Amino acid sequence: PGHHNAVLSTHDEAVRPLLKHSPPVGSAGPDEVTYPFDLKLDAANVGGVVFVEIFAEKDGVGILGGSGLMGPLWPWEWTQFEGSFVAPDGTDFLTIQIVATTGANVDSSCLLHVDNVSLDQGSVATESMDWGSAKVLY
């Protein structure tokens, strides 16, 4: 957390600006998903609140499972959140949504900073290559 982070900000009533990331289809599978992310609120007034949702999805089908709804959250200092869930059979990509929600009230606002977001199922090399083989490719 620091000077380079995403900012979600709204001063309008009853809106949900969100930061969403979905890696490409085929980038995930049925396995454990770990997820760290850092959040910090600068303002959450008159109904302003933060929610986070992480989904295991299948292309053409939709949501198969996920972390469950996390929130409401009010992290007034940089706070790391982390957890895990098991993506079910059929999963072929993951989605994370971080939502800065405002209430249906005049003067509702939410100003949120987001950093260090990761969805991880581990990385395992499927092939090995030595320097001699790499040189032949060029």
Side-chain angles (χ1 to χ4, degrees):
H3 302 290
H4 303 286
N5 56 78
V7 176
L8 295 170
S9 177
T10 183
H11 298 280
D12 295 324
E13 42 198 79
V15 295
R16 299 182 68 226
L18 63 90
L19 177 66
K20 177 179 179 178
H21 178 65
S22 294
V25 172
S27 61
D31 201 352
E32 182 177 31
V33 178
T34 59
Y35 54 84
F37 54 89
D38 297 338
L39 302 178
K40 180 183 146 230
L41 271 171
D42 282 344
N45 301 310
V46 194
V49 67
V50 174
F51 294 99
V52 177
E53 304 163 293
I54 304 171
F55 307 113
E57 298 193 60
K58 180 168 182 63
D59 188 39
V61 174
I63 297 169
L64 302 176
S67 64
L69 180 65
M70 291 174 267
L73 305 172
W74 292 283
W76 295 108
E77 300 292 327
W78 277 112
T79 305
Q80 182 180 60
F81 296 87
E82 57 188 349
S84 66
F85 69 95
V86 176
D89 287 340
T91 298
D92 57 13
F93 71 101
L94 303 169
T95 297
I96 183 168
Q97 295 183 160
I98 300 171
V99 187
T101 303
T102 54
N105 306 311
V106 174
D107 295 328
S108 186
S109 67
C110 194
L111 174 57
L112 173 69
H113 298 265
V114 180
D115 206 354
N116 301 317
V117 178
S118 175
L119 296 178
D120 187 29
Q121 287 192 307
S123 24
V124 178
T126 56
E127 289 183 33
S128 62
M129 182 181 291
D130 61 37
W131 285 109
S133 299
K135 185 177 178 184
V136 170
L137 296 174
Y138 296 98

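All values reported here derive from a predicted model rather than from experimental measurement. Below, each value reflects all heavy atoms present in this structure, side chains not excepted, and no hydrogens, waters or symmetry copies.
Under the 30°/60° scheme for interplanar angles, the aromatic rings of Phe85 and Tyr35 are found to be tilted.
Residues Thr101 and Phe51 have side chains in contact (heavy-atom distance under 4.5 Å, counting atoms from C-beta outward). Under the 4.5 Å side-chain criterion, counting only non-hydrogen atoms from C-beta, Val106 is not in contact with Val46. With a 4.5 Å cut-off on side-chain heavy atoms, Val99 and Glu53 count as touching. Val50 places none of its side-chain heavy atoms less than 4.5 Å from the side chain of Trp74. Looking at heavy atoms from C-beta onward, Ser109 lies in side-chain contact with His11 at the 4.5 angstrom threshold.
To the nearest 0.5 Å, the span separating CZ on Phe37 from CG on Leu19 amounts to 11.5 Å. In this structure, CD1 in Ile96 is found 7.5 Å from OG in Ser67, a value given to the nearest 0.5 Å. Ile63 contributes atom CD1, which lies 12.0 Å from atom CD1 of Ile54 (distance to the nearest 0.5 angstrom). His4 contributes atom NE2, which lies 13.5 Å from atom NE2 of His113 (distance to the nearest 0.5 angstrom). Note that CD of Glu57 and CG of Asp92 are 9.0 Å apart. Values are rounded to the nearest 0.5 Å. In this structure, CG on Leu94 lies 10.0 Å from CG on Asp120, to the nearest 0.5 angstrom.
At a threshold of 4.5 Å between side-chain heavy atoms, the hydrophobic network of Ile, Leu, Val, Met, Phe, Trp and Tyr places Phe55 and Met70 in two separate groups. Trp76 and Leu73 fall within the same hydrophobic cluster, defined by Ile, Leu, Val, Met, Phe, Trp and Tyr side-chain heavy atoms under 4.5 Å apart, directly or through other members. Hydrophobic clustering (side-chain heavy atoms under 4.5 Å, transitive across Ile, Leu, Val, Met, Phe, Trp, Tyr) groups Leu69 together with Ile98.
Scanning both residues, Leu8 and Pro17, for their nearest heavy atoms gives CD1-O, 4.2 Å. Glu13 and Thr102 get closest at one heavy-atom pair: C-OG1, 3.7 Å. Between Pro88 and Ala56, the shortest heavy-atom distance links the atoms CD-CB, 3.9 Å. Across all their heavy atoms, Pro36 and Gln80 have their closest contact at CB-NE2, 3.9 Å. Across all non-hydrogen atoms, the minimal contact from Pro23 to Ser27 is CB-OG, 3.3 Å. Looking at every heavy atom in both residues, Leu64 comes nearest to Gly90 through CD1-C, 3.5 Å.
The environment of CG in Asp107 is sparse: at most 12 heavy-atom neighbours from other residues, nucleotides or ligands sit within 6.0 Å.
When atom types are taken as modelled, the side chain of Gln121 and the backbone of Gly29 share a donor-acceptor pair closer than 3.5 angstrom. Between the side chain of Ser108 and the backbone N or O of Asn45 there is at least one donor-acceptor pair closer than 3.5 Å.
Residue Leu39 is tested with Leu112, Val117, Thr79 for a side chain to side chain contact (heavy atoms under 4.5 Å, CB included); the sole match is Leu112.
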Legend entry - side chain to side chain contact (heavy atoms under 4.5 Å, CB included) evaluation trace for Val52 with Phe81: CA-CA 10 Å; Val52 177; Phe81 296 87; over 6 Å; no
